[in-house]
2 protein chains.
Amino acid sequence: MKNITIKDIARICKVGVSTVSRAINNDSGISEETRERILETAKKYHYVPNTSARNLGATETNTVAVLVYSVTNIFFSAMYGMFQTQLEDRGYDYLLHSVKDTQDIVAEGIRLVKEKRLKGIIFLGGWIDPDKMRLDDIPVPYVFCTVYQDIDLPKSDSPSVGIDDVKEGRRIVEYLIKKGHERIAIIAGVEGDRATGAGRLKGYKQALEAAGLPIDERLICHMKKNLEEFTAANGYAVCKELIEKGIDFTALFCVSDLTAIGAYRAIYDSDRRIPEDISVAGFDGIELGEYIEPPITTIRQPRDKMVVETVRILSEKIEGVDKNEQLVLKGKLLERASIADITK
Amino acid sequence: MKNITIKDIARICKVGVSTVSRAINNDSGISEETRERILETAKKYHYVPNTSARNLGATETNTVAVLVYSVTNIFFSAMYGMFQTQLEDRGYDYLLHSVKDTQDIVAEGIRLVKEKRLKGIIFLGGWIDPDKMRLDDIPVPYVFCTVYQDIDLPKSDSPSVGIDDVKEGRRIVEYLIKKGHERIAIIAGVEGDRATGAGRLKGYKQALEAAGLPIDERLICHMKKNLEEFTAANGYAVCKELIEKGIDFTALFCVSDLTAIGAYRAIYDSDRRIPEDISVAGFDGIELGEYIEPPITTIRQPRDKMVVETVRILSEKIEGVDKNEQLVLKGKLLERASIADITK
DNA sequence: AAATTTTTCGGAAACGTTTCCGACGAACAC
DNA sequence: GTGTTCGTCGGAAACGTTTCCGAAAAATTT
């Protein structure tokens, strides 16, 4: 069964192919009358334009790619749907692609641009290292979303949307301190990782220092490399080890809610209660955090707003706006039952 | 900065374009020597084949699309990564697309085939209604994965991979009965929905009937239409309503683990304990189920195996195997602490 | 050494669109 | 009535590949 092409429609309507093309793309230079006639027969014959031919013929496509660092991460996966809606609303074609290594994410983006003639890229997750990534070689507009930029690294002026991980991390630890906690453990990201978790760890240290509390290296834990990052399984394994070490602490800050859920389990397994024996703070504000027992105190990232703003900025860059907006959104501290007030 | 094409490489190497094409695609009819020479300069000049041109020139592509009914569903999103790995391993290009309405999923597939010249389709989630879906019009091999086929609807002979939702649903309810429960509530899918949840509800009824227990319609709840399906929020709302009605029950079967987590919250909020006051059973076997308090008794769907088998079957169909395999995998009952034994 | 087969390669058509350019007629200005 | 502009349209080139076909070169057989 041969596919019906633009030529077939042209032949049937007794017009030129360019006229059909104009009709379909709502181009100008065509009378309303013939346009309708063409559109009608196109519909009648179930004509569907071939994307490949379109991309090839046109000097540019209408496709935006979302490159995500880790597909399975629940925090990001909830954002896919939002991105899809937003991009479709603005008339873009949509492409979801995932990369294993955050170091390769830019290189992969450049490859995809050549391969698919992208109009823009959204990078989701991971971190920026301007020295190692060929940012200047990205030939199309792009925006980083929820991508951490370490303050120790050279600052990139790429457009981005996210929160201030250091500040928000510091905020929730200060909240713990305010509630009377002095020995606060942390489950941070994988060691050496420069993603958002690193920023939150930095905030943790800042909070302790500002309060004049000592930084006890034994209370600083990192997620395990051999397990998937930011999962409950990882949080469980790390927290279990921490408890078994027998080091005393009254509060635990997990740099992601999912990790915290794993930590909960380890705490329960050791016959401790939350928050009476150990207070727990999370980060991210995933929906689930409200339902677990006890509901977790955490920093909510405004994911919906992040998505909307990311797409807006990308769209503007595509339209030619010459501004590298770096949008830092505010997180929201959700005070729930997982933290005890132990000030006497 | 002009893109470098196959012609450029040909000119540089002083060969014909077809020779370059052969080198790049590992085609036969070329000497090992020239192939290496071409591959080298291609690499040197960062040559990347243009997918659109490729798809257009070739009579067929190498692209497989995964059409998913609901992107944000955590159960499916965990499968994306697996699909990607599997498909890449077999040398396929990969395309993830989501559809809002399961009724449209086949129509959308047909459209995509024309548009992108797909080689195959994987349908993920939702349900099959052979009368309403133009299954015979799908011009390429396809496989349904985790797609429910209601036994009341005409049977499709399309290739598929999944579990027997009726049987597994029945199994876990029988387990509850064995533990002494007689008044068992259920939170099933949205009313009228014919997806997997409907099968599990059917299993629930079968189990009760087989045990000679009455079916109390008041104990049969459906997820709310205005909330996203299979989420904790939905489970919470429904379970809260159920409890407020004041109807007596000792056990609750939620057709998804996430829903169960929401139900947990509603139960805790009403000052009841799990499982001492109410036992809860889930379904799916997501990782999280092991970490929540108490760990949930559930039926684990072998997601990894499902993915592997789905890709295998699709791949075989593409290779020309003329068999419509309908693979029904076994679930695994995970006995955990959320169910109390109340046999005296 | 000639004839045949096999290997290696180049040219060109084809894929289905977009876009540029030119043509034609009608409407308008002078 | 002639020249100019404008709206409408068709033809054809271009996009970057794959693939078919035939030719040249090399290897093999006779």
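These numbers were taken from a predicted model, which means no experiment stands behind them. Lettering follows sequence order; numbering is per chain, from 1.
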Heavy atoms of B:Tyr148 and B:Ala195 approach each other most closely as CD2-O, 3.2 Å

Which heavy atom of A:Thr63 sits nearest a heavy atom of A:Leu95, and at what distance? CG2-CB, 4.1 Å

Between [atom2] on [N] and [atom1] on [X], what's the gap in Å once rounded to a whole number?
X	N	atom1	atom2	result
A:Arg54	C:dT17	CZ	P	8 Å
A:Leu56	C:dT17	CG	C1'	8 Å
A:Lys7	D:dG10	NZ	P	15 Å
A:Ile4	C:dG16	CD1	C1'	13 Å
A:Asn50	D:dT17	CG	P	16 Å
B:Tyr47	D:dT17	OH	C1'	7 Å
A:Ile6	C:dA14	CD1	P	19 Å
A:Asp8	C:dC15	CG	P	11 Å

Specify the residues of residues 22-44 of chain B, ordered by number, for which at least one heavy atom lies under 4.0 angstrom from an atom of DNA chain C. B:Arg22, B:Gly29, B:Ile30, B:Ser31, B:Thr34

Exactly one of A:Leu112, A:Leu124, A:Leu118, A:Ile122 clears side chain to side chain contact (heavy atoms under 4.5 Å, CB included) with A:Leu67, and that residue is A:Leu112

Please state whether the phosphate of C:dT18, meaning OP1 or OP2, lies under 4.0 angstrom from any side-chain nitrogen or oxygen of A:Ser21. yes

Any B:Thr19 side-chain nitrogen or oxygen under 4.0 Å from OP1 or OP2 of C:dC9: no

Quick one: pull up OH in B:Tyr92 and CZ in B:Phe83 and give me the separation to the nearest 0.5 Å. 13.5 Å

Output yes when a side-chain donor or acceptor of A:Gln326 lies under 3.5 Å from a complementary backbone atom of A:Val161, and no otherwise. no

Sub-3.5 Å donor-acceptor pair from the side chain of B:Gln301 to the main-chain atoms of B:Ile163, do we have one? no

Determine the interplanar angle of the B:Tyr80 and A:Tyr80 rings, folded into 0 to 90°, and report it as parallel if under 30°, tilted if 30 to 60°, perpendicular if over 60°. tilted

To the nearest 10 degrees, the angle between the two end axes of the helix from C:dA1-D:dT30 to C:dC30-D:dG1 (five pairs per end) comes to 40°

Hey, does B:Val20 reach any base, or is it just sugar-phosphate, or nothing, if we go heavy atoms under 4.0 Å? nothing

Applying a 4.0 Å non-hydrogen cut-off, can you work out what A:Gly57 is touching in the nucleic acid: base, sugar-phosphate, or nothing? base

Salt-bridge test for B:Glu32 and B:Arg35: reply yes if a basic N is under 4.0 Å from a carboxylate O, no otherwise. yes

Which atom pairs, donor and acceptor, lie under 3.5 Å between side-chain atoms of residues 305-313 of chain B and protein residues at least two apart or in another chain?
{"residue": "B:Glu309", "atom": "OE1", "partner": "B:Arg312", "partner atom": "NE", "Å": "2.9"}
{"residue": "B:Glu309", "atom": "OE1", "partner": "B:Arg312", "partner atom": "NH2", "Å": "2.7"}
{"residue": "B:Thr310", "atom": "OG1", "partner": "B:Met306", "partner atom": "O", "Å": "2.6"}
{"residue": "B:Arg312", "atom": "NH1", "partner": "B:Glu316", "partner atom": "OE1", "Å": "3.3"}
{"residue": "B:Arg312", "atom": "NH1", "partner": "B:Glu316", "partner atom": "OE2", "Å": "3.0"}
{"residue": "B:Arg312", "atom": "NH2", "partner": "B:Glu325", "partner atom": "OE2", "Å": "2.9"}

